[in-house]
2 protein chains.
Amino acid sequence: MIDDVCQIKSINEKAVKEVKSKMLDYDILIEISDNFKMLGDPTRIQILYALARRELCVCDLTAVLNMSQSAISHQLRLLRTKNMVKFRKEGKMVYYKLADEHVVKFMEMGVAHATEKK
Amino acid sequence: MIDDVCQIKSINEKAVKEVKSKMLDYDILIEISDNFKMLGDPTRIQILYALARRELCVCDLTAVLNMSQSAISHQLRLLRTKNMVKFRKEGKMVYYKLADEHVVKFMEMGVAHATEKK
DNA sequence: CAATCATATGAATACATGTTCATATGTAAC
DNA sequence: GTTACATATGAACATGTATTCATATGATTG
């Protein structure tokens, strides 16, 4: 049964049924879009891109991005909650690096696609 | 020269200089994050996921997603401006499909990563 | 233990974004 | 040409989000 959304009468019911039956589960859907959303901000891309080169502490990142410590820390927190970065403490300092190869792959793909398009 | 951002004194200048010199150009940076941002919404993911299966018209999409025609059309417009979908008109109807293999690849990767994580 | 430094975080603010509502455009049917 | 239908779009609204500011936490140094 197709819900009555607006007054459209010419729906291809067969195609819709087929496609609809294979749509993503809600949890997976949210997981996917949340992951992409995390990559959908220039500041976070820069952080991840920098960390893809080497492990860096928060203060290094502020210097690389030329942004406030607070802004960087807030973004790092988001990246942490989405398991995109790992960190270790060393005295006062906290060193961050990419969580795993997936993040690297996503970054590479994004960069490749964006640069190639030129 | 590293800009004086907050009062941090223990910056690893060498590392910062090295990483900073290899950061992304502004245009590329924005291109990358804009592309990911386009994928960072559940509605758009669903639209792209549906179109990955087969070409569909707007009315079919409203039925598949069970959302208003207006909401779908607005999202399709965004996807069009970012060259993620193509369309063709046939009478009153407008049929959409994915623009190219890149979009498919991104989707596959997102799905794979999200499902595997379980 | 007082001062300093590196980092984290809550609150406030400004801006971006997704959906709805109303309406416009364009095509087909009568 | 009038009516109905498929799609597009501007404006309004509500919600999200990125940064700043102020401040807290936690570790080191003198």
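Numbers restart at 1 for each chain; the letters A, B, ... are given by sequence-line order, proteins then strands.
F87(B) has its CZ atom 13 Å from the P atom of dG26(C), to the nearest Å. To the nearest angstrom, P of dA8(C) lies 14 Å from CZ of R88(A). Atom-to-atom, NZ of K89(A) to C1' of dT25(D) comes out at 9 Å; the value is rounded to the nearest Å. One atom, CG of L79(B), and another, P of dT9(D), lie 13 Å apart when rounded to the nearest Å. Distance M38(B) CE to dG18(C) P: 7 Å, rounded to the nearest Å. Between the CD1 atom of I47(A) and the P atom of dA18(D) there is a distance of 11 Å, rounded to whole Å. Rounded to an integer number of Å, the gap from L76(A) CG to dA18(D) P is 13 Å. Distance CZ (F36(B)) to C1' (dT17(D)): 19 Å, rounded to an integer number of Å.
Neither OP1 nor OP2 of dG18(C) sits under 4.0 Å from any side-chain N or O of T43(B). For dT17(C), one of the phosphate oxygens OP1 or OP2 lies less than 4.0 angstrom from a side-chain nitrogen or oxygen of K37(B). An OP1 or OP2 oxygen of dT20(D) is reached within less than 4.0 angstrom by a side-chain nitrogen or oxygen of S68(A). Listed pair R44(B) / dG18(C) meets the phosphate criterion, a side-chain N or O lying under 4.0 Å from OP1 or OP2.
Scanning atom types as modelled, no donor and acceptor separated by under 3.5 angstrom connect the side chain of Q75(A) and the base of dA18(D). Donor-acceptor pairing under 3.5 Å, judged by distance alone, is absent between the side chain of Q69(B) and the base of dA6(D). On a pure distance criterion of 3.5 Å, a polar donor-acceptor pair joins the side chain of H74(B) and the base of dT20(C).
Side-chain atoms of H102(B) and E116(A), non-hydrogen and from C-beta on, do get closer than 4.5 Å to each other. Proximity of V58(A) to S73(A): side-chain heavy atoms (C-beta onward) are separated by under 4.5 Å at one or more points.
Between dG18(C), dA6(D), dA8(D), one nucleotide has an atom nearer to the side chain of R80(B) than all others, and that is dA8(D). Here the side chain of S70(A) is nearest to one of dT19(C), dT20(D), dT7(C), namely dT20(D). Across dT7(D), dT19(D), dT7(C), the shortest atom-to-atom separation from the side chain of A71(A) is found for dT19(D). With distances taken from any side-chain atom of K92(A) to the nucleotides dT19(D), dT28(D), dA6(D), the minimum falls on dT28(D). Of the candidates dT9(D), dT7(D), dA8(C), dT7(D) carries the atom nearest the C57(B) side chain, counting heavy atoms from C-beta on. For D41(B), the side-chain atoms get nearest to dG18(C) when compared with the rest of dG10(C), dA8(C), dG18(C).
Minimum heavy-atom separation, I45(B) to M107(B): O-CE, 3.7 Å.
When L56(B), L65(B), L78(B) are each tested for a side chain to side chain contact (heavy atoms under 4.5 Å, CB included) with I47(B), only one passes: L65(B).
Nucleic acid contact class of Y95(A) (heavy atoms, under 4.0 Å, all strands): none. If you check every strand for non-hydrogen atoms under 4.0 Å, L78(A) touches sugar and phosphate atoms only. As judged by a 4.0 angstrom heavy-atom cut-off over every strand, Y96(A) is placed among residues touching the sugar-phosphate backbone only.
The backbone N or O of A15(A) lies less than 3.5 Å from no partner atom in the side chain of R53(B), so there is not a single donor-acceptor pair.
The aromatic rings of F36(A) and F36(B) sit parallel to each other, their planes meeting at less than 30°, with 60° as the upper class boundary.
Nucleotides of DNA chain D nearest to G40(A) and M93(B) differ in position, and the one nearer the 5' end is that of M93(B).
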